[in-house]
**Student:** 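Here's a structure for you.
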2 protein chains.
Amino acid sequence: MPSKVTLKAVAAHAGVSYQTVSKVLNGQLRVSAETHQRIMDAAKALDYHPNQIARNMRVRRSFMIGYSWVQTSPDQVNHILDQFLSSMVHEAEAAGYHLLPFPFREGDEQVDDYKELIDTGRVDGFVLSSVNYNDPRIEFLMQRGFPFVAFGRSNPELDFPFVDVDGADGLHQVTRHLVERGHKRIGVIAWPHDSRVGNERMRGYFDVMQSAGLEVRPEWIERGQGTFEFGREAALCLMDLPAEQRPTALVTLNDTQAIGAMHAARERGLEVGRDLAIVGFDDAPMSQYLFPPLTTVRQPIRAAGRKCVEILVTQMEGKPLVEKGTLLSPELIIRVSG
Amino acid sequence: MPSKVTLKAVAAHAGVSYQTVSKVLNGQLRVSAETHQRIMDAAKALDYHPNQIARNMRVRRSFMIGYSWVQTSPDQVNHILDQFLSSMVHEAEAAGYHLLPFPFREGDEQVDDYKELIDTGRVDGFVLSSVNYNDPRIEFLMQRGFPFVAFGRSNPELDFPFVDVDGADGLHQVTRHLVERGHKRIGVIAWPHDSRVGNERMRGYFDVMQSAGLEVRPEWIERGQGTFEFGREAALCLMDLPAEQRPTALVTLNDTQAIGAMHAARERGLEVGRDLAIVGFDDAPMSQYLFPPLTTVRQPIRAAGRKCVEILVTQMEGKPLVEKGTLLSPELIIRVSG
DNA sequence: AACGTTCGCGCGAACGTTCGCCTCTATAGT
DNA sequence: ACTATAGAGGCGAACGTTCGCGCGAACGTT
């Protein structure tokens with residue numbers, strides 16, 4: 001049984017009407033000092049806690065934020081989820097909201113899940129993650145005018161609130177770092193063209209190469225999945241270029257690829273950090289303990305989670321948004337590998 | 001605004017009372033075939049979805065499962081959370097429940113958070129994780145008679161529903177594997193005595209050593225935190241024992257310790273897998289890509305999450321529990337390190 | 001023909017809040 | 001002394017469901 005002690009119980013104990021108790025407890029009514037005290041005492045004595053479901057029903061809001069994340073393969077674990085979720089939960093709680101996690105479905109039915117949550121009144125807003133170009137959820141929520149915030153960007157022409165890590169800045173730092181270390185032939189193990197995140201990061205690479213006056217050869221860029229296997233294969237390809245064209249440094253778009261590349265280097269008898277620089281992206285938990293420790297880029301995940309909730313809450317409260325999009329700068333973590 | 005279409009709207013459209021619509025939609029009332037059809041058509045035409053908050057208020061249940069997890073340090077990332085959470089979310093959704101994540105607070109106020117969630121009627125049950133001996137939450141929930149299930153065990157004398165990975169079985173498999181490979185001096189990098197999880201795992205080690213007639217020297221057991229640093233230091237101590245007493249194999253209680261031990265071995269010029277066997281526990285995402293790939297123990301996390309929710313739901317539905325505790329066997333993943 | 005019995009459906013109430021409006025008294029202003 | 005004003009608190013209603021009971025009609029039974 002839930003809390004048996006209701007407003008009426010407190011009211012009876014304090015000798016006032018239960019509506020008065022409600023108002024006093026919510027600070028919406030000034031009463032004489034003594035009745036105020038009686039009400040407070042009664043609430044404390046009976047250990048009253050307002051039933052949130054009843055409250056939500058009355059005010060016709062759920063104070064819930066829907067969130068779902070992609071099912072990672074057993075291989076590619078989402079090491080970011082912990083930080084992202086807990087920062088959102090903290091921030092949401094502080095604003096009187098809670099998180100509602102729900103299963104992530106791919107495909108056409110995905111929007112149905114979002115619609116269902118709205119129609120049944122379960123959520124007041126959404127945080128979207130794993131967004132990409134032409135995300136059907138964004139189109140749906142925009143046309144419905146339902147509050148949401150995206151962690152990540154989509155089509156440039158769409159105007160919606162988002163939070164994102166500035167991937168261009170990240171690769172900017174990475175590439176500049178390598179250039180400063182004297183590298184001139186810098187290869188990159190990248191993602192396919194249909195990834196907005198990937199394209200954004202590549203922008204930082206191209207920018208620095210160009211402004212440093214360095215050549216970018218098409219054969220230095222390998223595009224494929226963000227897996228260990230692809231990282232390894234791509235690195236092998238790059239290593240097998242003729243000696244005078246071969247990159248002396250390899251930039252990757254995530255740590256998993258970087259580790260694959262490290263294996264490839266080892267297979268070719270190269271010592272990572274001395275014969276070949278390799279830089280990752282993500283700062284995965286184990287990356288600091290690799291041989292050699294991986295130079296990589298750390299994303300401000302907790303800040304992103306907080307910002308997502310902050311932006312979403314201002315929308316749900318009906319306040320105007322001062323800034324539609326927020327870009328957070330990642331941090332280059334220089335270790336030994338590059 | 002939430003769903004504007006209510007039971008009354010459907011009823012008006014179908015020409016019956018709204019209570020009838022409710023009952024028909026819930027299958028609690030048999031009506032003539034034609035009115036049944038009219039009601040169904042109306043519901044479909046208006047795209048009716050019952051407001052869950054109102055429903056929950058009426059039936060005085062929240063259909064929510066409270067869950068909170070320990071804040072991991074940036075160093076020690078919870079790579080298990082993704083699988084555990086998503087399996088729970090899936091299973092809960094199938095049973096008509098949802099998960100309510102809330103911030104994990106250590107210390108005396110922790111129970112207050114649980115109490116608050118109960119008193120405000122927000123949750124119908126809890127999944128507890130990171131339980132250990134003398135967990136105040138267990139005491140509180142047991143005496144309050146509130147439904148919960150623990151992922152992990154606590155004091156043996158307490159009788160409450162739990163799901164746990166059989167750590168003894170895990171180290172049983174590990175140790176037997178090493179014995180079969182001919183190892184006689186097997187050291188272990190363990191946790192302090194106040195960890196139930198750690199003690200459980202050690203039981204598997206002691207069992208196998210004893211039944212194999214192998215000696216267990218106290219100096220072969222190092223106890224400390226589950227960190228990289230402790231793993232490294234403990235392994236250095238063990239490596240520095242006199243040659244004829246030095247363990248030829250090292251069992252650790254998690255992969256992070258194991259990686260620390262691998263570094264220690266490298267520092268001492270030992271080749272892991274040939275000169276020294278090292279086995280981890282957890283199968284962290286990167287463990288397969290280490291040099292050499294780490295032999296470790298994989299826990300059935302998704303099964304555990306499902307089972308937790310299953311047990312909790314049967315309690316919340318008021319059904320009797322057939323099995324109080326469930327032990328799940330982990331799986332030895334043999335790679336190269338040991 | 002009078003009587004139970006089932007079927008099909010309606011009605012009132014309740015879950016625990018919040019919200020707007022009303023009433024009553026005491027005080028101040030003219 | 002009569003009215004305006006403000007302060008203190010009560011009252012009814014509503015949010016959208018579910019649940020138990022009741023009632024009329026149709027049906028079959030004696």
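Each chain gets a letter, A, B and so on, in the order the sequences are listed, and its residues count up from 1.
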**Student:** I want to check something: taking the side chain as every heavy atom from C-beta on, are B:Glu106 and B:Gln110 in contact at a cut-off of under 4.5 Å?
**Tutor:**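 No. Closest side-chain heavy atoms not under 4.5 Å.
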**Student:** For the helix from C:dA1-D:dT30 to C:dT30-D:dA1, what angle lies between the axis at the first five pairs and the axis at the last five pairs, to 10 degrees?
**Tutor:**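 Comparing the first five pairs with the last five, the axes sit 60° apart.
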**Student:** For B:Arg60 and C:dA14, give me the distance from atom CZ to atom C1', rounded to whole Å.
**Tutor:**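 Distance check: B:Arg60 CZ to C:dA14 C1' gives 10 Å.
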**Student:** Which whole-number value in Å describes the distance from B:Leu7 CG to C:dC15 P?
**Tutor:**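 Distance, rounded to whole Å: 19 Å.
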**Student:** What residues from residues 25-47 of chain A pass a heavy-atom cutoff of under 4.0 Å to DNA chain C?
**Tutor:**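 Of all residues in residues 25-47 of chain A, the ones placing a heavy atom under 4.0 Å from DNA chain C are A:Asn26, A:Gln28.
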**Student:** Does the side chain of A:Tyr97 reach to within under 4.5 Å of the side chain of A:Val309, using non-hydrogen atoms?
**Tutor:**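 In short, these two side chains do not touch, never coming nearer than 4.5 Å.
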**Student:** Do A:Thr120 side-chain atoms and B:Asn51 backbone N/O form a donor-acceptor pair below 3.5 Å?
**Tutor:**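 A pair under 3.5 Å: no.
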**Student:** What integer distance in Å separates B:Met57:CE from C:dT18:P?
**Tutor:**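 The distance from CE of B:Met57 to P of C:dT18 comes to 11 Å, rounded to the nearest Å.
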**Student:** Classify the ring geometry between B:Tyr114 and B:Phe102 as parallel (under 30°), tilted (30 to 60°) or perpendicular (over 60°).
**Tutor:**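 Perpendicular, since the angle between the ring planes exceeds 60°.
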**Student:** With a 4.0 Å limit, can you tell me whether B:Arg55 has a side-chain N or O closer than that to the phosphate oxygens OP1/OP2 of D:dG16?
**Tutor:**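 No, outside the criterion.
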**Student:** Taking CD from A:Gln52 and C1' from C:dT17, how many angstroms apart are they, rounded to a whole number?
**Tutor:**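 Taking CD of A:Gln52 and C1' of C:dT17, I get 10 Å after rounding.
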**Student:** Is there a donor-acceptor pair under 3.5 Å between the side chain of B:Asn56 and the backbone N or O of B:Phe63?
**Tutor:**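 Not confirmed, B:Asn56 side chain does not pair with B:Phe63 backbone.
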**Student:** Kindly assign one of parallel, tilted or perpendicular to the pair A:Tyr67 and A:Trp69, based on the angle between their ring planes and the thresholds 30° and 60°.
**Tutor:**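 Geometry flag for A:Trp69 against A:Tyr67: parallel rings.
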**Student:** Produce the list of close N/O pairs, under 3.5 Å, pairing protein atoms with atoms of nucleotides 20-24 of chain D; give distances to one decimal.
**Tutor:**
unit_1, atom_1, unit_2, atom_2, d
D:dG20, O6, B:Lys23, NZ, 2.3

